Amino acid sequence: KHVASTISREGWSVSSAKTAAAGAATLVGHKQPVVVSRHCPCLIDARKRDQNGKMPQLDEDDMPEYATLVALGDKRGFVTVWSTKKSKPIFKIQCSESRCTVTDLAWGKLDSGMLLMATLLDGQIVAMRFAVPRELGTLLGDSSQNRVFQMRYGIDLEDDTGLGGRRVFVGDHSGPKLIENALQFALEDEDDGDDDAMEGSANQNVDTDTSPSALVPTTPKILKAQQSESVSKGGKKRIRPVLMSMDADVDKRPKVNGDSAKKEKKKLETVDDALEAAVKVASAAEEIAVSSAKKQSAKQPTDTTREKSQGEKPQLQPVALNQEREKSFSASHNLSFAQIPHSTNRFHSVELPCTPPTSEENGKAVLPVAECGNVNKVPKGSSGSSVQCVSLSISQAGRVRWRDEIVGTSCSTLAATSNMMAIGTVDGTIYLYGTSVSTGWSTGIAFRSHPPVIIGQPIVSLEMKESKTSETDTMSKTEMLIVSADGKFGVYEVTPRFRLLYKGTILPAMTHMVLTSMGTSDAPLPKLAKLQTTESGHLLMILHFQNTAQQNGVQPRSGPGGALQAFVYNKDMELWQRISDSRFILSDFYSTLPTPKATPRGVLAKMDDSVRHGAIFSTIKPSKRGRSISDSDSSNMYADAGIGAAVTRSHCEDRLACALALGSAAEFQHWLQLYVRTLSSLGNENQLRLLTDLLLGSLANAETSSCWWLSSAPEILGLKRLTLVRKTIIPEMSKNRALQRLTNETMLEVDALG
């Protein structure tokens, strides 16, 4: 059989039948010559699990036990996979039916395992997927694998600044600690000689029991006399080590002053002398540390005795008081901690608006993409434990153009405009990035434009909106909406001036939904589905319950409002107003279908479409029997002025008020028409007369009132009152002949006023 040998790093030797080289292996298993090999870039965790099935924990300075994989391909199309912990191949396959030569191998990492690809001489490509950990074993984590490269080879795999992504360590993490060449020994010998010359003059007047030179344990001659030497059959010389101990009788040891120490250092010409010097320094340092510790411990009882003799009691009460304060602070902090869950996704991405796009693919523009990945790793240049880090990058067409890293936290949300980007983190911080004003994100580069903004709670939602201050002004206005885990929100102007516009809290709306559905505030809060500002400046919010799955075959209910509800924030009152839910599911104008195209598609219609699905979980269900009775006589649909008609009328009035609150003129006119149609079908002459009087302003008494029925302004949301009466109310009233006298009276009044 043919042999594939690995070469040892120590001496560049290979293993043979007689001798075994450390780190080298001989792989025997192919009948044909091995022509290609490829090592797997991922290491396999070779640690043995304990009785409970858990991996043993490692210290920071310990290197994890691991195994490497290597794939071999031979001349006849056979591929084998070997592990350094196994004596036989763990996998073997014939890739080519025609027994064609393997030309190349490549490893890849998938979410579900590892991928090995092989190319053959006939142009075929074979992909092999291995399940992890079932087939190959458990992969070594990124932090553990980086530790192996740091401690074994002195290479930092996390560094991406030059040297092909690998930085060679120097200093404490360089790996070997012993002197390996003559130059290093000569340089250290020179340096030690200069230091001893300075210490010698300072130690001439120091007592022998504390002088480092007096702490030499013994001489090389004594050590050599105590060692026993033997020669084996192969001719190898063996020396039994001797345990070195400190001599308690210091006076019997010869005194060594600074000059003699300097001369002795100059005589060091062999590695044995260098090791002897290292032993001296280590023993001296240990003796000094022990003596200082004894003096420290001897001094403390004396101070305590002195305090007791003076009648002073130890100050223990303030310490206990501080502990109580810390406990109370911790308790109060936990009570006010986050109630709204933030996103725990590992990856966040957003497309960066760019005009014009700088890259095209298949004739389509490719926008730059900002990506945030939450990873747990040891920061670059750090030797401590791993921490949470945010890896931020901007890429375009699959190529990374810019990177940044935020240490000590993780990303919970990400938003961007044409020239700004904001990142919200779980530690309650907003990181703002800017780019070129002229070219925008087409440069693919960002920079930190503002100091980190501290909110104090995890960021739940983050939205950014960009608008022009005027048609002629080139400077854009950027607004940022932030929601934290304690329910508080704030709308800020980022450019041209960083300032607060308004703020509030979303907890009242959430508590309202909980009280409506459960009847108690102890139930879980609904989830924040969407929160954004419109072009007209309104702040809209959609909340929904997550407990919408069937339990034991029973469909859960979310109260009369349904599982989805929409709200708008009133800045003047600093309160939320409900604009859409499922309470009017019994209305004749309520539909679970999307809004028809002929109907005005304003903000109110979009909110209604967004929350229609929540009606499935509402406690109010329309009766099919009741619907069939009312539909049996289509000419008298609203003849019953009972509860059903009242619900339809209330639905129209609610939509009118919500359209007015959102400033949607088209939807206000649409629901006014349906309202008049409802009243006309019922023949409600009194309410129709009241409506015309309100629109014509005969009851008006306050021109500046915020209520449209109390205002004498000639327009409502830009719609003229007389026009509304002439083109909306009168045509609908004319459909009921019982109201023809009221219709004629109203028309005469409109003609007189117009």
Side-chain angles (χ1 to χ4, degrees), residues 4-9 23-25 27 34-47 55 58 62-74 78-86 89-93 95 102-120 125-169 173 175 346-347 371 373 375-380 386 389 391 393 395 398-400 403 405:
S5 299
T6 60
I7 302 175
S8 173
R9 290 178 177 267
L27 308 179
V34 176
V35 294
V36 63
S37 66
R38 182 72 65 182
H39 283 270
C40 180
C42 300
L43 302 179
I44 305 300
D45 195 342
R47 291 177 295 173
M55 288 290 187
L58 296 176
D62 293 341
M63 185 173 65
E65 186 178 357
Y66 66 95
T68 60
L69 301 178
V70 60
L72 304 179
D74 64 12
F78 280 93
V79 173
T80 57
V81 178
W82 302 75
S83 172
T84 55
K85 295 297 182 180
K86 302 290 180 65
I90 61 177
F91 177 77
K92 184 177 182 179
I93 188 174
C95 293
V102 179
T103 58
D104 199 3
L105 296 170
W107 287 94
K109 187 176 181 180
L110 303 175
D111 295 336
S112 58
M114 298 297 298
L115 179 69
L116 177 62
M117 300 190 69
T119 59
L120 305 175
I125 299 177
V126 181
M128 294 156 278
R129 185 175 64 180
F130 298 93
V132 174
R134 181 168 53 89
E135 294 179 341
L136 295 181
T138 304
L139 296 182
L140 202 64
D142 293 340
S143 59
S144 300
Q145 183 163 329
N146 293 338
R147 189 185 304 175
V148 170
F149 276 83
Q150 291 175 4
M151 301 181 67
R152 188 173 182 85
Y153 307 114
I155 297 176
D156 184 8
L157 294 179
E158 297 182 354
D159 185 73
D160 56 358
T161 56
L163 297 180
R166 297 185 177 185
R167 179 171 64 87
V168 179
F169 277 94
H173 298 277
R346 187 175 179 183
F347 296 99
E371 297 179 331
V375 295
N376 194 8
K377 65 176 185 178
V378 178
K380 300 174 184 178
S386 60
C389 297
S391 178
S393 64
S395 59
R399 185 171 65 92
V400 178
R403 291 181 183 273
E405 187 176 74

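This is a predicted model, so every value here is computed, not measured.
- When the shell of 6.0 Å around NZ of Lys86 is examined, it contains 12 or fewer heavy atoms from other residues, nucleotides or ligands.
- Applying the ring pair (Phe, Tyr, Trp, His ring centres under 6.0 Å) test to Phe347 and every residue at least two apart in sequence or in another chain returns nothing.
- Counting only N and O atoms by type, the side chains of Ser386 and Ser143 include no donor and acceptor under 3.5 Å apart.
- When every heavy atom of Leu120 is checked against every heavy atom of Cys95, the shortest pair comes out as CD1-O, 4.1 Å.
- Using a 4.5 Å heavy-atom cutoff, the side chains of Leu43 and Leu139 are not in contact.
- Side-chain N or O atoms of Thr103 include one that pairs as donor or acceptor with a backbone N or O of Thr119 at under 3.5 Å.
- Of the possible polar contacts, one joining the Thr84 side chain to the Thr68 backbone as a donor-acceptor pair under 3.5 Å is found.
- Put simply, the side chain of Arg38 gets close to the backbone of Leu105: a donor and an acceptor are under 3.5 Å apart.
- Side-chain contact between Met128 and Phe91 is present, with at least one heavy-atom pair separated by less than 4.5 Å.
- Closest approach of Leu115 and Ala127 over heavy atoms only: CD1-CB, 4.0 Å.
- Between Trp107 and Phe130, the ring planes lie tilted relative to each other; the angle falls in the 30° to 60° range.
- Considering every non-hydrogen atom in both Ser393 and Val400, the closest pair reads CB-CG1, 4.2 Å.
- Across Glu135 and Arg129, no two heavy atoms sit closer than the pair OE1-O, 3.9 Å.
- Shown here for Gln145 and Cys42, the closest heavy-atom pair between the two residues is OE1-CA, 3.8 Å.
- Looking at every heavy atom in both residues, Ala46 comes nearest to Ala67 through CB-N, 4.1 Å.
- Proximity of Leu136 to Leu69: side-chain heavy atoms (C-beta onward) are separated by under 4.5 Å at one or more points.
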Report task. Carefully, step by step, assess Val126 and Met117 under the rule side-chain contact (heavy atoms from CB on, under 4.5 Å). Result -> CA-CA 6 Å; Val126 181; Met117 300 190 69; over 6 Å; no

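- Salt-bridge annotation for Arg403 and Glu371: absent, with no side-chain N of the basic residue lying under 4.0 Å from a carboxylate O of the acidic one.
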Requested in this report: Take Val148 and Leu140 through the test side-chain contact (heavy atoms from CB on, under 4.5 Å) and record every step on the way to the result.
Outcome: CA-CA 10 Å; Val148 170; Leu140 202 64; 4.1 Å; yes

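- Counting only heavy atoms from C-beta outward, the side chains of Val79 and Asp74 never approach each other to under 4.5 Å.
- No side-chain heavy atom of Cys389 sits less than 4.5 Å from a side-chain heavy atom of Asn376.
- Met114 places a side-chain heavy atom less than 4.5 Å from the side chain of Val132.
- In this structure, NZ in Lys92 is found 8.5 Å from CH2 in Trp82, a value given to the nearest 0.5 Å.
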